[in-house]
Number of protein chains: 2
Amino acid sequence: MVRIKDIAKEANVSEGTVDRVLHNRGGVSKKTEEKIKSILERRNFSINPVASALAMKNNHSIAVLIPEYNETDSFWKLPYLGLLKASEEVKSIGVNVTYFKFNQYSRESYLETFNRLIETKPTAVVLVPMFLQETNLIIDELKKIEATYVFLNVDVEGVDSSAYVGQDSYMSGYIAGKLMKLGVPNGFDCCILQTSTSTGDNQAILKRVKGFKDYFNTSQDENVLHELKVDSFSDDVQLASSVHQFLENNPNIRGVFVPSSRISAVVDVLSDVQKQSLCLIGFDNTPQNVACLKNGTVLFLISQKPFDQGYEAVRIVSDHLVKNKVLKEKLYLPIDILTKENVDYNDANQLMFEKDLNQ
Amino acid sequence: MVRIKDIAKEANVSEGTVDRVLHNRGGVSKKTEEKIKSILERRNFSINPVASALAMKNNHSIAVLIPEYNETDSFWKLPYLGLLKASEEVKSIGVNVTYFKFNQYSRESYLETFNRLIETKPTAVVLVPMFLQETNLIIDELKKIEATYVFLNVDVEGVDSSAYVGQDSYMSGYIAGKLMKLGVPNGFDCCILQTSTSTGDNQAILKRVKGFKDYFNTSQDENVLHELKVDSFSDDVQLASSVHQFLENNPNIRGVFVPSSRISAVVDVLSDVQKQSLCLIGFDNTPQNVACLKNGTVLFLISQKPFDQGYEAVRIVSDHLVKNKVLKEKLYLPIDILTKENVDYNDANQLMFEKDLNQ
DNA sequence: TAATTTTTCGTGTGCGAACACGCAAATATA
DNA sequence: TATATTTGCGTGTTCGCACACGAAAAATTA
């Protein structure tokens, strides 16, 4: 590893001078500056971030505002694990990450948790902007203290943010449309199944639906696209009756697209015959969904790569804080197509980390 | 932030003593140890990882043996970039990575390059085991100096390694089979197109073909599977004549599977009508292949995630060296299904790194 | 009690970079 | 030419921790 000392020796100057050109602090003659710069280039020097962090007494802090999770509602576990993994890595370069979890169904919890967060005076914030109105309040506060903030998983239109880390929802829906066309024989229909009222992330769901429809409309083959809206995915009985009635009225349907993460709930109310004959496509690798994928009921799941979202969010923010890298406005993660066969490989990374965590 | 110095003062001992109990190095009386431990607990002390990392100055070295690349044969560029990215990250924790590139078509180059590598006495080696016989010689040498070594991209049967980082070739072929079934209408045929002689990574290709065939055989629908072997993908004229003749003799064919990374060469010799009517599935996101994907000629590409392979290989080895983490024997990377629509998102990571590199 | 061994602990140096202080050389002013 | 001012640069200290060396204190032996 090349050190400042090495560069200084080679240039016949002192370490202080090298330091000056590195941080272009001025006070160096043109000639020696050029000389040093060329040596830096040639030796491919880069500042040792660890020593730098120590000397600077770097104490960046990233605060994360994220929904809490439990067994039944485990979607937010994976982003959290990804955040944790990155946190561990950046600790050694002087970046500290703290977590604040809120109830994703409560606006009050969202705001109240943020208020606790802001008291710790973080240098940067990663947040999941669940509620539009409250998010605007939050952004105002963050601007006051000049904290950089990035949105995680949920992209809010019309609110300016430093960056967004997540999926391109429109395109993921578009791809779902393509896969659906492949899975449904020509001449048959399919339908989009969603709740009439949605919480928080409905922005993403709307965009997925739009992408899905757009693919259907641009494609030559003629398949009719139906829509079914249900009250809730949690009420088994009602869901079952809605779905059965709908399928009876539209016997030509061979594909069902569920743009939320709840396709497993739909599978639970289908008969064996229906499971066999329908091409089911949904979102997110929750344990329940993965189970449906593995037993062959669901043909494709589209993954948002939640683990990677958390990981990347912390990485880009800390690179920004420590190395002054510019924040890319939109960091779109890969749109993963999961099948029965490849799903295990996709989870390997996070599983490995989880295992390490428990030791 | 509480420092060792603070603890020492409070306990009326020197920093050295606190250090001893922190790392239980021994040589501390029971009484003072207890006292210090309780203070550590009470003050909620934790080692400053930044200072710790700096002071430890780990000095591990990883040597990488990998094929060289150029414009026409660019496959190995991406693993190399991934290796580079990881190298940068681990530099700050005292791990140094050096590269040794060989000509992938020359056994002599392979061995000769390794000999240069081994002279640098690395603590660990990442290598692409191209030639079986020579690899055995290499492994013998590595065992002598007790270096840990991991295989990258190519998994060699019957040779024991510390670990393998790459794709599960069998399963990736299996998935290609599934996708092919989706893309080819019932009642039509498809074919596997490969060279009769293959170099280096033919192990992987054989396994892919096996997986592909297995999916076809287990599936209920009846599609006939043909096989076409050509002399070389580089000889346009001959390739064209072979392919055209074959397709004329088998007019029922609607799908072509190319288990190597050269599907773009096949596309180049197809007529527009053939491009329209055939379902083409291949491997690897080389620039040429990605172009075919984007213009709609190729329906799916399966990616080996070459960038990630390089990245992960260095990461797991350095985690092993620095943090004593156990090496997982097989680190299978996700089997990525690439389409026209999602391919851009999949490359984003490596593109970003490449851009940073050029600044 | 003196000599020796063992236990227990303090001191000092280095890791690589950041930055303040201040001296010498170069340039400007009288 | 002597003095003042700027410019260019070297030196020394600090960050918090790891680890080696060796000294004082305690325990053992003669």
Side-chain angles (χ1 to χ4, degrees), chain A residues 1-37 39-40 43-61 90-96 321-324, chain B residues 1-37 39-40 43-61 88-96 321-324:
Chain A
M1 172 169 240
V2 193
R3 301 160 301 169
I4 286 187
K5 189 189 269 184
D6 302 316
I7 303 292
K9 192 157 58 178
E10 186 164 340
N12 274 323
V13 294
S14 73
E15 298 180 37
T17 307
V18 177
D19 178 75
R20 273 173 211 112
V21 342
L22 277 176
H23 302 299
N24 44 322
R25 253 191 265 283
V28 181
S29 73
K30 260 247 150 72
K31 210 172 63 185
T32 54
E33 176 166 354
E34 285 313 312
K35 185 160 136 204
I36 290 174
K37 273 189 176 167
I39 296 180
L40 287 172
R43 301 287 304 267
N44 196 13
F45 174 87
S46 67
I47 291 178
N48 179 335
V50 175
S52 175
L54 180 60
M56 291 217 279
K57 284 200 285 184
N58 249 350
N59 224 349
H60 297 294
S61 58
V90 300
K91 217 179 355 180
S92 68
I93 50 175
V95 179
N96 219 323
L321 295 177
V322 175
K323 304 182 196 164
N324 258 322
Chain B
M1 170 166 248
V2 194
R3 299 159 304 170
I4 287 186
K5 189 190 269 185
D6 302 318
I7 303 292
K9 194 158 55 177
E10 187 164 338
N12 275 322
V13 294
S14 74
E15 299 180 37
T17 307
V18 177
D19 177 77
R20 273 175 211 109
V21 344
L22 277 175
H23 298 87
N24 43 322
R25 252 192 265 283
V28 180
S29 72
K30 255 225 150 90
K31 209 171 64 184
T32 53
E33 177 166 353
E34 285 313 313
K35 185 161 140 202
I36 291 174
K37 273 189 174 166
I39 297 179
L40 288 171
R43 302 285 302 267
N44 195 14
F45 174 88
S46 69
I47 290 178
N48 179 335
V50 179
S52 175
L54 180 60
M56 292 229 257
K57 202 184 77 111
N58 300 317
N59 219 354
H60 297 112
S61 60
E88 249 183 40
E89 288 185 11
V90 301
K91 209 170 20 170
S92 64
I93 50 176
V95 178
N96 220 323
L321 294 177
V322 175
K323 304 182 196 164
N324 259 321

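Chain letters run A, B, ... following the sequence lines, proteins first and then strands; every chain starts at 1.
With C:dA18, D:dA18, D:dC9 as the choices, the nucleotide that has an atom nearest any side-chain atom of A:Ser52 turns out to be C:dA18. Of all nucleotides listed (C:dG16, C:dC21, C:dC19), C:dC21 comes nearest to the side chain of A:Arg20.
Between A:Asn58 atom CG and D:dC15 atom P there is a gap of 15 Å when expressed in whole angstrom units. As rounded to whole Å, 13 Å separates atom P of D:dG16 from atom CD1 of B:Ile7. Going from atom CD1 of B:Ile4 over to atom P of C:dT13 covers 19 Å, rounded to whole Å.
Of the side-chain N and O atoms in A:Arg25, one or more sit less than 4.0 angstrom from OP1 or OP2 of C:dC19. Between B:His23 and D:dA18 there is a side-chain N or O to OP1 or OP2 distance below 4.0 Å. Contact check, B:Ser14 against C:dT11: no side-chain N or O comes under 4.0 Å of OP1 or OP2. A close approach under 4.0 Å does occur between a side-chain nitrogen or oxygen of A:Thr17 and OP1 or OP2 of D:dG10. Side-chain N/O atoms of A:Ser29 include none lying less than 4.0 angstrom from OP1 or OP2 on D:dT7.
Within the 4.0 angstrom heavy-atom criterion, only backbone atoms of the sugar-phosphate kind lie near A:Asn48; the bases stay farther away. Heavy atoms of B:Val50 sit nowhere under 4.0 angstrom from any nucleic acid atom. Residue contacts shown for B:Leu54 include a base, since a base heavy atom lies under 4.0 Å away.
We find that A:Asp6 and A:Lys9 are not joined by a salt bridge, their nearest charged nitrogen and carboxylate oxygen being 4.0 Å or further apart.
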- Message: side-chain contact (heavy atoms from CB on, under 4.5 Å) for B:Val90 and B:Val322? Distances and angles first, verdict last.
- Response: CA-CA 10 Å; B:Val90 301; B:Val322 175; over 6 Å; no
